[in-house]
Amino acid sequence: MPMDNSAWDVVIIGGGAAGIAAAASLLKRQSSLSIAIVEPSDRHYYQPAWTLVGGGCFDPAKTYKATASLIPTNAKWVRTRAKKLDPDNQSVELENGQSLSYRTLVVAPGLELNWSAIEGLESTLGQHGVTSNYRYDLASYTWECVKTLKKGRALFTQPAMPIKCAGAPQKAMYLSCHHWEQSGLLKDIDVQFHNTGGVLFGIADFVPPLMEYIKRYNATLNFSSELIAVDGPTRTATFMDTTADGGQQQRKETFDLLHVVPPQRAPAVVRESKLANDAGWIAVDESTLQHTQYGNVFSLGDACGTSNAKTAAAVRKQAPVVAENLLSFLADKPLSAGYEGYGACPLTVEKGKVVMAEFGYQGKLQPSFPVNPAVARTSMWLLKRYAMPCIYFDMMLKGHEWLAKPVKL
Ligand code: FAD
């Protein structure tokens, strides 16, 4: 509790990328703030590297650190889960039976992977060639499956938007194909991409370089094709295909490898709160990240209802915006920091090359480097593979705001 037993200056829900980055950026500006971070997990995961783990290019043990080692020195870690958000009373009910009062609230519990939305999936994950880079323990299994597959059919699926790192479903496919290509096996493997949506990538500028890889790897694209059921033992996936005239038909495909990306939604604590918008995410102003009704509430990261790409890269730019605006709110000053929707998706099209897609609201390109972003580059692979984990752990989570200056409103 704060020294005088009163409300915390800031309560942060979630100690993932967004929660820790926001705390670090706040304390960098005002070290005297009393901050409580509610986070149940003793491990903090760097999820962007799971794609590389699935491609056999990253040590899984290096994708996490102890949460305790990342909580800023001046913040208090409350090791439990938030159960109910009560913005009218400026308090949060916790799963351990306690509650926290706050002057300001930062909501950053990430999103929920809805594995059970696909019939039969949960019980077969990690067996029968059914895998997903969206879970730490399964990313290594992806690589196991890729390494052992010599011929047959490999299916890669993508659910409806929004999802975190919208490029990750196809990144898994490209890295797998590259391995099979290098091993001389690709010609014997029928590779299919099944996307519930209607395009390969939401930002048109990046589609042509991606299509070159689709052709090179001879992968079949299936749009409006949603995975609805999996039968592990018979290795059969069921898709609901939407036809051009809007009709629906089921299709079954047998597989030797199935890489699934599950449907995603806001966590229940967010969906069921007064802070949620119609789609269940935290309703904030797209620019200031302040709640549209409760002025003392801010949000960032995957739980936030902005239309940017849900990525850790987005958090890098959002954290300073939340920090500056929250402090302005506490000081009774106008909010002056703006977020332009930046997000980034390093598309690992082969082991050693990345198409670095960086863009903001309305798909406006926001490249960080003065080169054509729609070209697969070795330099961007080196950035993704070697520099990004350090930028994340040693800079973003420590309040060192690299390439993250907010726009002045
Ligand atoms: P998280 O980092 O997921 O953290 C949420 C935290 O909230 C967790 O620690 C959780 O334990 C906690 N929590 C949950 N519920 C509660 C509760 N009720 N009470 C308290 N705490 C709670 N991003 C990129 O920028 N580039 C990439 O290349 C990239 N690739 C990705 C590949 C994969 C396979 C995946 C899975 C993600 C990828 N991302 C990538 C996305 C990135 O990891 C997320 O966007 C980022 O982690 C979001 O941060 P967050 O803090 O909102 O959520």
Side-chain angles (χ1 to χ4, degrees), residues 1-2 6-27 29-30 33-39 75-76 78 80-95 98-112 265-308 310 314-315 317-339 341 406 409:
M1 289 291 287
S6 61
W8 293 90
D9 290 329
V10 190
V11 166
I12 299 179
I13 309 300
I20 303 276
S25 283
L26 280 163
L27 288 165
R29 287 169 175 78
Q30 197 174 312
L33 284 173
S34 65
I35 299 186
I37 302 176
V38 182
E39 167 57 59
K76 161 93 175 146
V78 181
T80 184
R81 201 170 263 283
K83 195 168 127 191
K84 191 170 174 221
L85 308 178
D86 183 359
D88 292 324
N89 292 305
Q90 300 190 194
S91 86
V92 176
E93 237 178 75
L94 305 176
E95 239 173 45
Q98 296 175 332
S99 62
L100 299 176
S101 301
Y102 61 80
R103 294 174 67 204
T104 59
L105 178 71
V106 175
V107 191
L111 55 68
E112 190 178 286
R265 60 183 178 181
V269 69
V270 166
R271 281 195 328 263
E272 291 159 10
S273 79
K274 282 189 162 184
L275 298 171
N277 64 19
D278 290 346
W281 309 96
I282 299 288
V284 293
D285 177 89
E286 292 242 307
S287 175
T288 62
L289 304 179
Q290 182 185 40
H291 194 267
T292 49
Q293 275 156 41
Y294 295 89
N296 63 341
V297 176
F298 293 81
S299 181
L300 73 167
D302 295 347
C304 164
T306 44
S307 58
N308 58 278
K310 293 187 185 297
V315 169
K317 298 253 189 184
Q318 292 171 334
V321 172
V322 166
E324 289 198 7
N325 288 341
L326 186 150
L327 290 173
S328 296
F329 176 85
L330 283 174
D332 217 8
K333 291 185 186 151
L335 309 194
S336 61
Y339 169 61
L409 296 179

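One-based numbering along the sequence shown. It should be emphasised that the depicted structure is a prediction, and the values quoted were computed from it without experimental measurement. All values below come from the heavy atoms of this structure, side chains included, with hydrogens, waters and symmetry mates left out.
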Task: Exam field: side chain Lys333 to backbone Ser328, donor-acceptor pair closer than 3.5 Å - done: no
- [ ] Decide whether a cation-pi geometry holds between Lys310 and Trp281; the criteria are a distance under 6.0 Å from NZ or CZ to the six-membered ring centre and an angle within 45° of the ring axis.
- [x] yes
Open item on the list: Run Glu112 and Arg265 through salt bridge (Lys or Arg N to Asp or Glu O under 4.0 Å) and show every step you take.
Closed with: CA-CA 5 Å; Glu112 190 178 286; Arg265 60 183 178 181; 2.8 Å; yes
- [ ] For side chain to side chain contact (heavy atoms under 4.5 Å, CB included), just list the numbers for His291 and Leu275, CA-CA rounded to whole Å, side-chain angles, deciding distance to a tenth of an Å, and then say yes or no.
- [x] CA-CA 8 Å; His291 194 267; Leu275 298 171; 3.6 Å; yes
- [ ] Not counting sequence neighbours, which residues clear side chain to side chain contact (heavy atoms under 4.5 Å, CB included) with Glu272? List them please.
- [x] Ala268
Task: Test log, rule side chain to side chain contact (heavy atoms under 4.5 Å, CB included), inputs Val107 and Val269 - done: CA-CA 10 Å; Val107 191; Val269 69; over 6 Å; no
- [ ] Kindly check if the number of other-residue, nucleotide or ligand heavy atoms within 6.0 Å of CG (Asp278) is above 12?
- [x] no
Task: Side-chain donor or acceptor of Glu286 paired with backbone N/O of Ser307 under 3.5 Å - done: yes
- [ ] Considering non-hydrogen atoms only, spot the tightest contact between Gly19 and Ala108 and give its length.
- [x] N-CB, 3.9 Å
Task: Main-chain N/O of Tyr102 paired with Gln90 side-chain donor or acceptor, under 3.5 Å - done: yes
Task: Main-chain N/O of Gly280 paired with Arg271 side-chain donor or acceptor, under 3.5 Å - done: no
Task: Leu327 vs Leu33 side-chain heavy atoms within contact, under 4.5 Å - done: yes
Task: Gln98 vs Thr80 side-chain heavy atoms within contact, under 4.5 Å - done: no
Open item on the list: Measuring only between side-chain heavy atoms, which start at C-beta, is Gln290 closer than 4.5 Å to Asn325?
Closed with: no
Open item on the list: If you compare all heavy atoms of Ala323 against all heavy atoms of Arg29, which two are closest, and at what distance to 0.1 Å?
Closed with: CB-NH1, 3.8 Å
- [ ] Would you please test Ile13 and Val270 for side chain to side chain contact (heavy atoms under 4.5 Å, CB included) and show each step?
- [x] CA-CA 10 Å; Ile13 309 300; Val270 166; over 6 Å; no
Task: Main-chain N/O of Ala283 paired with Ser299 side-chain donor or acceptor, under 3.5 Å - done: no
TODO: Locate the shortest heavy-atom distance separating Leu94 from Ala82; write the atom from each residue and the value.
DONE: CD2-CA, 4.1 Å
- [ ] Please name the pair of heavy atoms, one in Val321 and one in Pro406, separated by the smallest distance, quoted to 0.1 Å.
- [x] CG2-CB, 3.7 Å
- [ ] List the steps and the verdict of side chain to side chain donor-acceptor pair (under 3.5 Å) for Ser91 and Asn89.
- [x] CA-CA 5 Å; Ser91 86; Asn89 292 305; 5.8 Å; no
Task: Interatomic distance, Asp86 atom CG to Leu100 atom CG [nearest 0.5 angstrom] - done: 12.5 Å
TODO: Any chance you could lay out the side chain to side chain contact (heavy atoms under 4.5 Å, CB included) test for Phe298 and Leu335, step after step, and finish with the verdict?
DONE: CA-CA 12 Å; Phe298 293 81; Leu335 309 194; 4.2 Å; yes
Open item on the list: For Ser336, is there any backbone N or O sitting under 3.5 Å from a side-chain donor or acceptor partner on Glu324?
Closed with: no
Task: Close side-chain approach of Ser34 and Lys76, heavy atoms under 4.5 Å - done: no
- [ ] Among Val284, Leu300, Ile282, find the one that has a side-chain contact (heavy atoms from CB on, under 4.5 Å) with Thr306.
- [x] Val284
- [ ] Report yes if the side chains of Leu330 and Arg103 come closer than 4.5 Å at any heavy-atom pair, otherwise no.
- [x] yes
